[in-house]
Amino acid sequence: MSTPYNPEAVEIAAQKYWDDARSFEVGEDADKDKYYCLTMFPYPSGKLHMGHVRVFTINDVIARYHRLQGKHVLQPMGWDAFGMPAENAAIQRGVPPAKWTYSNIEDMRGQLKRLGYAYDWTREVTTCRPEYYRWEQWLFTKMFAKGLVYRKNSIVNWDPVDQTVLANEQVIDGRGWRSDALVERREIPQWFMKITDYADEMLAELDRMPGWPDSVKTMQRNWIGRSEGVELAFDVVGEETPLTVYTTRPDTLMGVTYMAVAAEHPLASKAAKNNPDVAAFIEDCKQTDAQEATLETMEKKGMALGICATHPITGEEVPLWVANFVLMSYGTGAVMAVPGHDERDWEFAKKHDLPIKQVIAPSDGSEIDIDASVYVDKGVLVNSGDYDGLDYDAAFEGIADWIEASGRGSRKVNYRLRDWGVSRQRYWGTPIPIIYCDDCDAVPVPEEQLPVILPEDVEVTGTGSPLKDMPEFVNVACPQCGKDARRETDTFDTFVESSWYFARYACPDNDSAMLDERASYWCPVDQYTGGVEHAILHLLYSRFFQRVMRDEGLTSESEPFTNLLTQGMVLKDGAKMSKAKGNTVDPQQLIEKYGADTVRLFMMFAAPPEQSLEWSDDGVQGSFRFLKRFWTAVVEHATKGVAGDVDTGTLNDTQKELRRKTHQTIAKISDDIGRRHSFNTAVAASMELLNAINKLGDDSEAGRAVQREALNAVVIMLSPMVPHICHALWQELGHETVLIDQNWPKVDESALALDLIDLVVQVNGKLRARISIAADASNDAVEELALADTNVQRFIDGNAVRKVIVVPGKLVNVVV
RNA sequence: GCCGGGGUGGCGGAACUGGUAGACGCGCCGGAUUCAAAAUCCGGUUUCUUCGGAAGUGGGGGUUCGAUUCCCCCCCUCGGCACCA
């Protein structure tokens, strides 16, 4: 087969072999060491993009590497098939979302197969199919029974022209993307899952997850945002119900000079009734979208309500304001303001001429001017009556004790994390299995009536969900009393589907249970790979669902993903690839031009997986060139016949050197892939070894044996990245066996031994000489030889040597 | 605004636990091969330089015999911020 490298022929042949042999279909074998290797499943947007190719290749490399290590590897693939783009396509092109989605899946599956990923396609899951989503409907009804779901009002982006709810990404500069109308905040009833019930457990477990990156764990910790503080009630003059607030700084209680409530707060609404200015202000507050980033960066506005609260300790009256930065959905919808010791309160007080009172002084006794700048550090209490002189801890305890004793409140642990709102006013999603009855209120759909099937043959117009206009869907008998009732027409957030799919891959065909014993075999996922953009929401929701499933008796695992790898984006000209920017690169065209292996190789070589990857057409060309060199090297070696085994006793120095390089490289690549996930350096090391093989030019029996050993190793070690070419080259090297069934090469420690080692010599930290010395030389001998070097002596220049630092095997630093 | 990343030659990146900055590849320059080109192969390639060296990892400071690596401050940039997935 001394033909030039023809990627297409090589790749189709390898793929046909894997297909025919069903190489990647795996069952549950209790005797084998299982390894579940998973990548975040894609949304079927139409075509594969480079971001997909990158993450799937990373995962495939890990999967194939572990298979060569003797593991029983499962790598499945499926489709996160519900979501907005299908509705948008339907609006724009009149294609029903289901049809559009299924056709995209067909196209993308074909593209994935062409890339040669080692997937077990018999386990494919598609979330928009009733046999999948029925089980999350089922779990929802179980959660309902346990009180883990509830309904409450919450805020959405309302487009007053299109009369529809908008997603945050459909709000551009505060306006609806289609109507250009100013978006309003509007409250509607929605379903919530009590993720906060698991906040403490999920937070604590983060400390016992060594397989996750610290950055992701830190983000999740901050997101959960556990804080200890007190909740306390302020009496409101002329009101029966007091105003409850939460604070983590009870030590600053004596510094409260005003309070603020949300625009939606009942006290604000009440004040608005006889104050048109307040009413106008509240209306104005609603003229904004519901995103946190908008809220945090917009101008802080407020207005006095003309009502006062009573300070619980001093009895002084403090004015009540309504403010746009206080949200009804956060905490109690009201805050106590301590302008002296809170940044935002200070700025607000300055703007509205509210009094600023210093109640905390720096612990070191230094003077501060609270009118000139805010002081947010913890310190010693001043101007706080009985509490003066106490430090933060003592003041916290003292004031908290007083609050509890007075019956005004209590210590409370609070979370920044809010319960998960799962209702979406959209068509293309899993129907929420609830029936509304005038007598029985919200009733979950009984198990025997599941799944609630989403009608697929619909027309989508863009103004509201088509389900509302389908009496055959909406009208239903109440499961409890049998009277006429109405189905919920909202659907689930698509994060619900992606919160448990990883477990369903183990048993996608089970039509009588959500999970079975096969899930116990495969779960948890050993290696999970996906974009950093999912560091919080998707990963936290999945951790939550895993626990819900555990508490439902479906699994014994608490954590879904043992090891996590978050990969960076693919950029072109420094920017994320997007149709809008016109800087996309189509993987399909590249595969046609160079083959899948070249694309896979470039992806692995161009950057470490966690970092963003800058696309380069020249770089792809370079990867292609390397594969051609690789092909030629093996073919030229093979045409001279099959070389024998290495006889270590008969090698000359250059042969020994290549053999050392071979085994050094085996050690390096094993570590690079297995431990560090540093695929770019693994590829670089393979290139170095191949360069060394090509340089040897030794056709003696021993020379050819050493080359063959090296080539065998390179072919196996590059195969996770470029499996097709390696499949062919393994045969070319004369093996009767199949590459994917091989074992990873082993390091021969004896090949690594060196008689002489090179050390560098520094004088005052600057490189001045290189010396070669016996590997087992003593530090004294190393020092002596270093000092004897003429260039070293030149830089010592007659000065007294103050110190000599010898780092064994590395360097000598002479300090003068 | 808040939380988490990143910043090293002309470019992508390497340097893993504080120890030779620039591995490997791209690009470029020179050479071989060729009627010529493509492809391929060989050599060179941080900058400045008085050719001795000197400077250099976003900027400023610090710790250390020694800092891309650790600490403090700042700048730029990317991701997330609960309805994009």
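A note on names: the letters A, B, ... follow the listed sequences, proteins ahead of strands, and every chain is numbered from 1.
Across all strands shown, A/Arg221 has no heavy atoms under 4.0 Å from either base or sugar-phosphate atoms. Among the protein residues, A/Phe795 comes within range of the sugar-phosphate backbone only, with heavy atoms under 4.0 Å from sugar or phosphate atoms but none that close to a base. Among the atoms of the strands shown, none is found under 4.0 Å from any heavy atom of A/Arg344. Within the nucleic acid shown, A/Val216 has no heavy atom closer than 4.0 Å to any nucleic acid atom. Within the 4.0 angstrom heavy-atom criterion, no nucleotide atom of any strand lies near A/Lys217.
For A/Tyr133 and A/Phe82, the ring centers sit closer than 6.0 Å to each other.
Glycosidic conformation at B/G52 (O4'-C1'-N9-C4 for purines, O4'-C1'-N1-C2 for pyrimidines): syn, within 90° of 0.
Side-chain contact annotation: A/Thr681 with A/Ser678, donor-acceptor N/O pair under 3.5 Å present. Side chains of A/Trp177 and A/Asp159: a donor-acceptor N/O pair is absent below 3.5 angstrom, by distance only.
One atom, CG of A/Asn764, and another, P of B/A67, lie 11 Å apart when rounded to the nearest Å.
Across all their heavy atoms, A/Thr491 and A/Tyr427 have their closest contact at CG2-O, 3.6 Å.
Counting atom types as modelled, A/Arg675 pairs a side-chain N or O with a base atom of B/C16 as donor and acceptor under 3.5 Å.
With B/A82, B/C24, B/G79 as the candidates, the nucleotide lying closest to the side chain of A/Leu417 is B/A82. Residue A/Asn680 has its side chain nearest to B/A14 when only B/A14, B/C24, B/G4 are considered. Closest approach to the A/Lys628 side chain among B/U40, B/U20, B/A54 is made by B/U40 (side chain taken as heavy atoms from C-beta onward).
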